[in-house]
Amino acid sequence: MLWKLARKELLFDRMMSCCQIAAIACILAPLLLLFSLRHGILQEMELRLKNDPQVLSLSLDTSYRLDDTFFKNLQALPEVGYVIPEITALNALVDLKFPGTVERVSVMATSKGDPIVVGSGISLHDDRDTLQNNECYITEQLAKEHNIAAGNKVTMVVTRVKQGVRQVARVPLKVQGIVLQRFVNDDFLLVNPQVVRALDDYRNGYEPEIFSDGSNVPTGPRYYAKFRLYATDLDSVIPLFYFLANQHFNVRSKVQEIENLQAIDRVLNFVFGVVAVVSIVGGAIALGGLMLSSLKSKKRNLVLLRLMGQPNGNTYRLVILESCIIAVLGFVLALVLYYLGSLVFNLYFKQLMMDAVISDLLWWHIAIFLLVTVAIAVLIALWATKFVMLKAHIADVLREA
């Protein structure tokens, strides 16, 4: 019965009902758009940073003397997602022979879970997760320049001078995948760690099996010059950077970009918070005024219901039901306006930001906005009913009529 009464009363005073619905929509639509822009911009920036392994990367600018214990302790840190040792830059330089030409490149070690390999969408056949000694990955630029594809073969040529004699070792390699250029700063040849260690030993005068006859290999502890390190996520980069910096390592990272994102997040949260508070307070005052006007116009009807014996509880429920209907209809209209505005924003920025979704809301964002809208409408209805309607004397209202 209350539902039927509320519906008929809203339809009877449809002009006032439409004004309240429009007022709610005009308050909510800009807030929805503003929050969607805040969420969409930050989400797009964070997504691009997360999908770029170089943002999670930390590397050393200078060479150090790092042993296996250092790497074991480093790998145990929860902030470390992937780490692999590197040899000195001079020992890592090799000549890579392509059909008809030779190019000097640097060699990097790679193993299971390497972010630049995973990010490039490379997967080995035969359910393997590591390269064999006669396999490699090359960077995209090298592949394009020399017309190389996965499955082709190249030759790694390593030279050294030992006891005044120039020696050359040649190792044929099968290309198993192409690493995207945006994940690396230069042209690289990626091989498994065993090949890199053998290369370092060969350059240091030993006779490792891969590059020589295996007659003389180092037996003592092994030391590395650098590492290639990736944090587990964006939040881990900054603490990991300061952990290494406090140990007096000269670290290069994208900390500045991540801190800029966090600063933008704080600024946008503050701006949205201020605008939201001002809009909600102003909207609540406007909605309260409209509701009071609406209740005053219905005062005689509500008083007659009380005169006919309707308890105060039913009066509360009737006014709250009407407020909820108006709040929901106003929210639906605001949602339609938001989707139209969001469509305009996304179409406009589609070309400028490479198909980025600049205005976006998740379902739970919309649910929270709806709940807050209904809650405010209910509170205003309760206040208006308690302090305006139920305090009015029946005789005074009937006399005014």
Side-chain angles (χ1 to χ4, degrees), residues 53-54 56-95 104-117 130-131 133 136 156 158-164 167 169 171 183-212 214-232 236-255:
Q54 285 203 345
L56 302 178
S57 171
L58 296 98
S59 57
L60 299 177
D61 279 336
T62 54
S63 296
Y64 295 85
R65 190 173 169 83
L66 311 172
D67 58 13
D68 290 331
T69 303
F70 168 82
F71 285 100
K72 183 182 293 185
N73 294 335
L74 189 61
Q75 183 67 72
L77 294 176
E79 295 86 2
V80 174
Y82 178 85
V83 62
I84 194 162
E86 287 188 336
I87 60 177
T88 61
L90 188 60
N91 281 359
L93 279 175
V94 302
D95 292 321
R104 178 149 290 193
V105 299
S106 293
V107 174
M108 281 198 315
T110 184
S111 60
K112 179 182 178 181
D114 192 336
I116 66 174
V117 175
T130 57
L131 291 170
N133 292 346
C136 70
M156 178 169 55
V158 184
T159 61
R160 69 176 181 180
V161 177
K162 184 178 181 181
Q163 298 177 348
Q167 299 177 342
V171 179
F183 295 151
V184 290
N185 297 322
D186 209 342
D187 291 331
F188 286 98
L189 174 71
L190 282 79
V191 295
N192 74 34
Q194 186 176 342
V195 175
V196 172
R197 288 193 292 267
L199 172 62
D200 192 40
D201 294 340
Y202 184 76
R203 282 278 170 73
N204 288 330
Y206 294 98
E207 304 297 336
E209 192 169 311
I210 296 174
F211 295 94
S212 186
S215 60
N216 181 21
V217 295
T219 56
R222 181 177 294 276
Y223 294 94
Y224 300 92
K226 296 181 180 181
F227 54 70
R228 192 158 55 90
L229 171 65
Y230 298 88
T232 52
S236 300
V237 174
I238 295 177
L240 194 55
F241 171 82
Y242 287 111
F243 170 80
L244 294 170
N246 289 336
Q247 295 193 29
H248 308 293
F249 286 108
N250 190 8
V251 186
R252 183 173 65 249
S253 72
K254 300 284 186 178
V255 167

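The first residue in the sequence is number 1, and the count goes up from there.
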Minimum heavy-atom separation for [X] and [Y], please, with both atom names.
| X | Y | result |
| --- | --- | --- |
| Phe211 | Ala169 | O-CB, 3.5 Å |
| Leu60 | Ala225 | CD1-O, 4.3 Å |
| Gln54 | Lys254 | O-CG, 3.4 Å |
| Pro193 | Ala109 | CA-CB, 4.0 Å |
| Val196 | Met108 | CG2-C, 4.0 Å |
| Arg203 | Thr159 | NE-O, 2.9 Å |

Q | NZ/Lys162: more than 12 non-hydrogen atoms of other groups inside 6.0 Å | A | yes
Q | Greater than 12 external heavy atoms within 6.0 Å of Glu209's CD | A | no
Q: Would you sort out whether Ile116 and Leu190 count as a side chain to side chain contact (heavy atoms under 4.5 Å, CB included), showing the intermediate values?
A: CA-CA 11 Å; Ile116 66 174; Leu190 282 79; 3.7 Å; yes
What is the distance from atom [atom1] of [X] to atom [atom2] of [Y], rounded to the nearest 0.5 Å?
| X | Y | atom1 | atom2 | result |
| --- | --- | --- | --- | --- |
| Leu240 | Phe243 | CG | CZ | 7.5 Å |
| Ser59 | Glu86 | OG | CD | 8.0 Å |
| Glu79 | Ile238 | CD | CD1 | 12.0 Å |
| Tyr224 | Thr88 | OH | OG1 | 12.5 Å |
| Leu77 | Gln75 | CG | CD | 9.0 Å |
| Gln167 | Arg160 | CD | CZ | 4.5 Å |

Test item: [X] and [Y] side chains (from C-beta on) under 4.5 Å apart, heavy atoms:
| X | Y | answer |
| --- | --- | --- |
| Val255 | Ser253 | yes |
| Pro85 | Phe227 | no |
| Val217 | Tyr206 | no |
| Arg228 | Thr110 | yes |

Q | Side chains of Ser111 and Tyr82, donor plus acceptor under 3.5 Å | A | yes
Q: Carefully, step by step, assess Val158 and Val171 under the rule side chain to side chain contact (heavy atoms under 4.5 Å, CB included).
A: CA-CA 8 Å; Val158 184; Val171 179; 5.8 Å; no
(Q) With side chain to side chain contact (heavy atoms under 4.5 Å, CB included) as the test, pick out the partner of Leu56 among Leu229, Val237, Thr232. (A) Val237
**Q.** Qualifying residue, where the test is side chain to side chain contact (heavy atoms under 4.5 Å, CB included) with Leu199 and the options are Val94, Leu93, Asn91, Val191
**A.** Val94
**Q.** side chain to side chain contact (heavy atoms under 4.5 Å, CB included) assessment of Phe249 paired with Leu66
**A.** CA-CA 11 Å; Phe249 286 108; Leu66 311 172; 3.8 Å; yes
Which residues satisfy the salt bridge (Lys or Arg N to Asp or Glu O under 4.0 Å) test with [X], sequence neighbours excluded?
| X | value |
| --- | --- |
| Asp187 | none |
| Arg104 | Asp95 |
| Asp61 | Arg252 |

Q: Could you tell me whether Phe70 and Tyr64 have their ring centroids closer than 6.0 angstrom?
A: no
Q: Show your working on side chain to side chain contact (heavy atoms under 4.5 Å, CB included) between Thr130 and Asn192 and close with a plain yes or no.
A: CA-CA 7 Å; Thr130 57; Asn192 74 34; 5.6 Å; no
